[in-house]
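Quick caveat, the model's predicted, so the values are computed rather than measured. We name chains A, B, ... by the order of the sequence lines, and we start the count at 1 in each one.
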Amino acid sequence: MSVTNNEQSILKLANNLVNNISESELSIYDEITVGDPNYWIPSRELELLLNEKLCGIDLGSYPNRTRSKIVKQLVCKAIGYPCPSSFKKTKPRFPGQNFDVATQKSNNFQPVNESISPSRRYVLIRPSKDNIIQKVRVVPGTMLAALDTTGKLTVKHQATLHINQNTATELVSQEDTNVLKPLVSSTVSIPSIVSPIDYPSRDCIMSIQTIYEKLKTVVGKSFNDAGIDQERNRGAQLHNLVCQSLGYSSYKDDGRFPDLTHQLLEVKLQTSPTIDLGLDVPSSIEKLELPQIDGVNIRVCDVRYAIFYGSIEDGKVTITNFYLTTGEDFFSRFPQTQGNVQNTKLQIWLKKDFFD
DNA sequence: CTAACCCGAACAAACTTCCG
DNA sequence: CGGAAGTTTGTTCGGGTTAG
């Protein structure tokens, strides 16, 4: 890649701005007027500067949130600001220069709990699969807003898992809900042709006690950690293990709720206390979009939730705890997160050639 | 068949409250 | 008042499904 003369002169100007900033007492939180000749870094200059200083850096293998912090520190350094010990939750994160930073291994850009601000700038950083920074783009909010064609917000709720150190397994609900109870059995065997994502049917639904007995055996088992930023794939491994333990001959997940539709069972892997719940609130009496069973509609609160807690050590996930509850009783054991209660995010698909 | 969509996966940083 | 403990928000990854 050759640097043109034009780019050279922009870079020179940009470096002057960086010098001005580092010689000032300014922090990233101090306001700068847009276009200020001494301190404001225009987008073109910002992009060139960040490409110049960040490309080639190995970000290492960290969880998303840690990597994000590392990148923000790198950005501070690159443009002459001191690194704060923590990055305040301001909007945007870099108020002085009016920009946000996102590192995107994938093309799915997801601002949480806020919409795209047209005048704000967005610094998007593309690392390679092995975490080497390849490219930095600085774009105005208007450009990202144009890519948001649907405005669809994804919703999630959360709860907290308090671990009781003394008990490895807990059956939170002694019985299924009144609606489900008549439909379950303690003597179910799964025909090899059925898939975990088939609709549930009469005589095929295990009682919550049966599920508890079968899934207890998962505690103590371990499997390979798919990678620090591979939560989805890691969860899938547990899901697979659960299917096996319940007697399914195949593993299948279509991303719908509940995971194991055929048993009205939702499975979660936790290695930290925050439980993410997606759109559905477990205690909700909303009907699931499933065929009725004996004329009965299954509701969200009838679904059974299997929560597994695991620890990660040298590349292996080991399951240490297991909890099983109905949706109805869920919040009695796992308190719902207060505050926003509901978090939303936009999901904006960057064009394939966005970073080219 | 491909691109777009969006659903869901789960963890750690940041913030708040509690306790000495 | 400072650190610990608890709570809440933010970060971003990947897969299945659907629209074109």
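Atom C1' of nucleotide C:dT9 and atom CD of A:Glu114 are separated by 12 Å, given to the nearest angstrom. Note: CZ (A:Phe308) to C1' (B:dC11) measures 19 Å, nearest angstrom. For A:Phe334 and C:dT7, the CZ to C1' distance is 17 Å, given to the nearest whole Å. Here C:dT9 presents its P atom at 13 Å from CZ of A:Arg93, a figure rounded to the nearest Å. A straight line from NE2 of A:His162 to P of C:dA5 spans 15 Å, rounded to a whole angstrom. What separates CD of A:Gln338 from P of B:dT17 is a distance of 13 Å, to the nearest Å. For the pair A:Leu161 CG and B:dA10 P, the computed distance is 12 Å after rounding to whole Å. Rounded to a whole Å, the CG atom of A:Leu346 is 14 Å from the P atom of C:dT11.
When each of A:Gly310 and A:Ser86 is assigned the nucleotide of DNA chain B bearing its nearest heavy atom, the one mapping closer to the 5' terminus is A:Gly310. Sequence order on DNA chain C of the closest nucleotides to A:Lys252 and A:Gln104 puts A:Gln104 first from the 5' end.
By the 30° and 60° cut-offs, the orientation of the rings of A:Phe94 relative to A:Phe87 is tilted. Using cut-offs of 30° and 60° for the angle between ring planes, the A:Tyr248 and A:His262 rings count as perpendicular. Aromatic ring orientation, A:Phe322 versus A:Tyr212: parallel (interplanar angle below 30°, classes split at 30° and 60°).
Backbone-only engagement by A:Phe87 is indicated by non-hydrogen atom pairs under 4.0 Å involving sugar-phosphate atoms exclusively. Nucleic acid contact class of A:Ser272 (heavy atoms, under 4.0 Å, all strands): base. Contact annotation for A:Thr274: base contact, defined as any heavy-atom pair under 4.0 Å involving a base atom.
Picking from C:dC13, C:dT12, B:dC11 the nucleotide with the shortest atom distance to the side chain of A:Gln270 gives B:dC11. Closest to the side chain of A:Lys91, out of C:dG10, C:dT17, C:dC13, is C:dG10. For A:Val112, counting side-chain heavy atoms from C-beta on, the closest listed nucleotide (B:dA3, C:dT9, C:dT12) is C:dT12.
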Expected rows: protein N/O vs nucleotides 6-9 of chain B N/O, under 3.5 Å:
unit_1	atom_1	unit_2	atom_2	d
B:dC6	OP2	A:Thr150	OG1	2.6
B:dC7	N4	A:Asn108	ND2	3.3
B:dC7	N4	A:Gln347	OE1	2.2
B:dC7	N4	A:Gln347	NE2	3.0
B:dG8	O6	A:Gln110	OE1	3.2
B:dG8	O6	A:Lys345	NZ	2.9
B:dG8	N2	A:Arg232	NH1	3.2
B:dG8	N3	A:Arg232	NH1	2.8
B:dA9	OP1	A:Asp259	OD1	3.0
B:dA9	OP1	A:Asp259	OD2	3.4
B:dA9	OP1	A:Glu266	OE2	3.3
B:dA9	OP2	A:Lys268	NZ	2.9

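Taking the ring centre of A:Phe354 as origin, the terminal cationic atom of A:Arg137 falls inside the region bounded by 6.0 Å and 45° from the ring axis. Stacking of A:Lys316 on the aromatic ring of A:Phe223 is not recorded, the 6.0 Å distance cut-off and the 45° axial limit not both being met.
Taken residue by residue, residues 67-76 of chain A places heavy atoms nearer than 4.0 Å to DNA chain C at A:Arg67, A:Ser68, A:Lys72.
No donor-acceptor distance shorter than 3.5 angstrom exists from the side chain of A:Gln97 to the backbone of A:Phe99, with no hydrogens or angles considered. Judged by distance alone, with hydrogens and angles left aside, the side-chain atoms of A:Asp30 form a donor-acceptor pair with the main-chain N or O of A:Ser27 at under 3.5 Å. With A:Thr167 contributing its side chain and A:Thr169 its backbone, the two residues share no donor-acceptor pair below 3.5 Å.
Checking the phosphate oxygens (OP1, OP2) of C:dT8, no side-chain nitrogen or oxygen of A:Asn343 falls inside 4.0 Å. For B:dA4, one of the phosphate oxygens OP1 or OP2 lies less than 4.0 angstrom from a side-chain nitrogen or oxygen of A:Lys351. A sub-4.0 Å separation between OP1 or OP2 of B:dA13 and a side-chain N or O of A:Thr66 is present. For A:Gln230, a side-chain nitrogen or oxygen approaches OP1 or OP2 of C:dG14 to under 4.0 Å. Note on A:Asn340: a side-chain N or O is less than 4.0 Å away from OP1 or OP2 of C:dT9.
A salt bridge is defined here as a Lys NZ or Arg NE, NH1 or NH2 lying under 4.0 Å from an Asp or Glu carboxylate O, and A:Lys156 with A:Asp276 meets this definition.
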Indicate every side-chain donor-acceptor pair of residues 102-120 of chain A with a distance under 3.5 Å to a residue at least two apart or in another chain.
unit_1	atom_1	unit_2	atom_2	d
A:Gln104	NE2	A:Ser106	O	3.1
A:Gln104	NE2	A:Asn108	O	3.1
A:Lys105	NZ	A:Lys129	O	3.4
A:Lys105	NZ	A:Asn131	OD1	2.9
A:Lys105	NZ	A:Asp229	OD2	2.9
A:Ser106	OG	A:Asn108	N	3.4
A:Asn107	OD1	A:Arg126	NH2	2.6
A:Asn108	ND2	A:Gln347	OE1	2.9
A:Gln110	OE1	A:Lys345	NZ	2.8
A:Asn113	OD1	A:Thr344	N	2.9
A:Asn113	ND2	A:Asn343	OD1	2.9
A:Glu114	OE1	A:Arg120	NH1	3.3
A:Glu114	OE2	A:Arg120	NH1	3.4
A:Arg120	NH1	A:Asp100	OD2	2.8

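In the interface, the side chain of A:Gln158 is paired with the base of C:dG10 through a donor and an acceptor atom under 3.5 Å apart.
Of the N and O atoms on the side chains of A:Ser249 and A:Ser192, not one donor lies less than 3.5 Å from an acceptor on the other residue.
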